[in-house]
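All values below come from the heavy atoms of this structure, side chains included, with hydrogens, waters and symmetry mates left out. Note that the numbering runs from 1 along the sequence shown for the chain.
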Amino acid sequence: SATKLFLAQGLLVNGTLRWRGRLDWVLGRYVRAGLDTLTPWVLNILRLGLYQILFLDRVPPHAAVDECVTLAKKYANPGAAGLVNAVLRKILREGAGAPDPEQILTDPDEAMAVAYSHPAWLVARWRRRLGDEETRSLLLADNRPALVGLRVNPQKTDRETLRRALAARGIEAEAAPYSRLALRVTGNIAFAGLPEFEEGHFLVQDESETLVGELLAPEPGETVLDLCAAPGAKATQIQEGRGSQGFLIAVDIQRNRLARVVENIQRMGVGNVGLICADGRSLGLARPVDRVLVDAPCSGLGVLGRRSDARWRKTEASMRALLPLQKALLEAGAGHLRPGGVLVYSVCSMEPEEGFRHIESFLAAHPAFEMESAEAFVPSEVVAEGCLLLYPHRHGTDGAFAARLRRKG
């Protein structure tokens, strides 16, 4: 079917993007003039072919080469097709998978970066903090297809009922280990069109995000401010647990992204939501609120397994450029909180600068606030130093950090 073809092509593209570092290292040993002399079309065709040769076994290697030659003739020129044919066939003859970068390259950061296809700056950062063995496990986790998380809408169903309904449709799901609201699904599933999806029985959301909502734990009747609400996954979770008892103010700086919030609110069947298009750093509210969620823009280094191209776009400089924005949003969110109220700050990153260090400096500067241990709200296995902290290789989720703060009454 067209859907299956689309998913198969997506897997091929995602796999090629994910392993681009390793693929380019191998190709660089066979393209004498250097990869920078190739046009983007030719380079990407070589990457697609080599990915199939090294990592896939469904397509015979020679068939993959022939297909790449056909692509080169269509999108480049006969000379490029000859180059593609010569390079890939030579790799086949000599055994492409044999060279182990960790045995050949002398710089340990470069060796691990090439072997597991990550930027060297990121490998160096993780090796300093986690050591070689755990860094290798994290890199491997990023390179595995990410599990799909589903968050159950308790207003409409429960986890076991949804699991059975999906099983009846041939979709195998299992209860997630940390969140009482989450299921995990293996494989690429097109959920749109399923009655359970269209009727708002669940939302596609990683378990790490669901745990952030559980850490906030809003009570019926409270007013909650979601300062960076789009696309609305956490916003709907806030309201689902309270029925019609309580009001949510959902804020986002981009109007087109607020449309996604509206879409999810309507599908999940939640109400009592007010939408504001504004910069969360300069939001004006008439009165303080009971709870604030600051799900801040971040580097996204915890979701590299889900976004195959992201690892090649991130830099240490781009991560650090977001730190002032995160700090400003945390400050702004705290300013809207009533005495006795609760604030949760979260990012989809495990990097200390984006998580722990913001909280440490904030508490040092604001004695009216205190941190509450996450262990009272989520399992101890996902808690470190009183905060929610998840790693892909430890927990099988996206990487994430969240802290729960209370303004003293």
Side-chain angles (χ1 to χ4, degrees), residues 109 118-130 135 138 142 206 208-209 211-212 215-216 225-231 234 251-254 257 278-283 292-307 309-337 342-371 374 383-392 397-407:
D109 293 333
H118 278 67
W121 73 266
L122 187 55
V123 170
R125 162 180 278 268
W126 287 347
R127 285 183 67 239
R128 286 195 303 269
R129 188 166 84 246
L130 303 172
T135 296
L138 176 51
D142 276 351
D206 188 71
S208 61
E209 295 183 82
L211 288 167
V212 172
L215 187 60
L216 183 65
L225 171 63
D226 185 350
L227 208 55
C228 308
K234 295 182 180 71
V251 179
D252 203 88
I253 195 170
Q254 297 183 37
R257 284 172 57 79
D279 187 332
R281 293 169 292 183
S282 56
L283 178 69
V292 176
L293 173 62
V294 179
D295 186 34
C298 70
S299 66
L301 294 177
V303 294
L304 297 183
R306 202 170 298 284
R307 300 173 186 170
D309 63 322
R311 67 187 70 179
W312 308 117
R313 293 186 285 105
K314 309 291 182 180
T315 64
E316 190 144 21
S318 68
M319 183 200 76
R320 293 190 179 281
L322 289 167
L323 299 181
L325 173 61
Q326 294 160 359
K327 180 180 179 181
L329 287 168
L330 176 55
E331 294 274 355
H336 294 296
L337 199 62
V342 170
L343 180 148
V344 167
Y345 168 85
S346 68
V347 286
C348 53
S349 168
M350 312 84 65
E351 302 312 297
E353 297 95 323
E354 299 186 276
F356 282 118
R357 292 181 193 169
H358 276 318
I359 299 305
E360 289 170 355
S361 62
F362 176 84
L363 291 174
H366 298 80
F369 283 80
E370 60 187 354
M371 191 173 78
V383 176
E385 299 181 46
C387 298
L388 178 71
L389 182 64
L390 298 118
Y391 278 87
T397 65
D398 290 343
F401 169 90
R404 178 182 165 105
L405 308 177
R406 184 179 292 275
R407 186 172 186 176

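- Annotation: salt bridge (Lys or Arg N to Asp or Glu O under 4.0 Å) contacts of D295 (sequence neighbours excluded): K234.
- The side-chain contact (heavy atoms from CB on, under 4.5 Å) check on R129 picks up R125, W126, M350, E351, P352, Y391, with sequence neighbours excluded.
- Counting only heavy atoms from C-beta outward, the side chains of V342 and R404 approach each other to under 4.5 Å.
- In this structure, S349 and F401 have side chains that are not in contact, with every pair of non-hydrogen atoms separated by 4.5 Å or more.
- R311 pairs by the salt bridge (Lys or Arg N to Asp or Glu O under 4.0 Å) definition with nothing, not counting sequence neighbours.
- Every residue two or more places apart in sequence or in another chain was checked for a side-chain contact (heavy atoms from CB on, under 4.5 Å) with S361, and none qualifies.
- When atom types are taken as modelled, the side chain of D252 and the backbone of R257 share no donor-acceptor pair closer than 3.5 angstrom.
- Between V292 and L337, the shortest heavy-atom distance links the atoms CG2-CD1, 3.8 Å.
- Considering only residues two or more places apart in sequence or on other chains, D206 meets the salt bridge (Lys or Arg N to Asp or Glu O under 4.0 Å) condition with R306.
- In this structure, CZ in F369 is found 8.5 Å from CG in L330, a value given to the nearest 0.5 Å.
- Taking CG of L301 as the reference point, atom OG of S318 lies at 7.5 Å (rounded to 0.5 Å).
- The side-chain heavy atoms of Y345 and L405, taken from C-beta on, include no pair separated by under 4.5 Å.
- Residues S208 and C348 are not in side-chain contact: their nearest non-hydrogen atoms beyond the backbone lie 4.5 Å or more apart.
- Across every non-hydrogen atom of A332 and G280, the tightest pair is CB-O, 3.4 Å.
- In this structure E385 satisfies the side-chain contact (heavy atoms from CB on, under 4.5 Å) test together with F356, sequence neighbours excluded.
- Here side-chain hydrogen bond (donor to acceptor under 3.5 Å, both in side chains) pairs that include residues 325-334, with residues two or more places apart or in two chains, are Q326-E354, Q326-H358, E331-H366.
- Atom CG of L216 is separated from atom CG of L293 by 5.5 Å, given to the nearest 0.5 angstrom.
- Considering all non-hydrogen atoms of both residues, V212 and A402 come closest at CG2-CB, 4.1 Å.
- For the residue pair A278 and L283, the shortest heavy atom distance occurs at CB-CD1, 4.1 Å.
- Residues meeting the side-chain contact (heavy atoms from CB on, under 4.5 Å) test with A310, sequence neighbours left out: L304, R307, R313, K314.
- The minimum heavy-atom distance between L329 and C228, with the atom names listed, is CD1-SG, 3.9 Å.
- In this structure, the separation between CZ on R128 and OG1 on T135 is 10.5 Å, given to the nearest 0.5 Å.
- For R320, the salt bridge (Lys or Arg N to Asp or Glu O under 4.0 Å) criterion is met by E316, E353, not counting sequence neighbours.
- Among all heavy-atom pairs drawn from S299 and L322, the shortest one is N-CD1, 3.7 Å.
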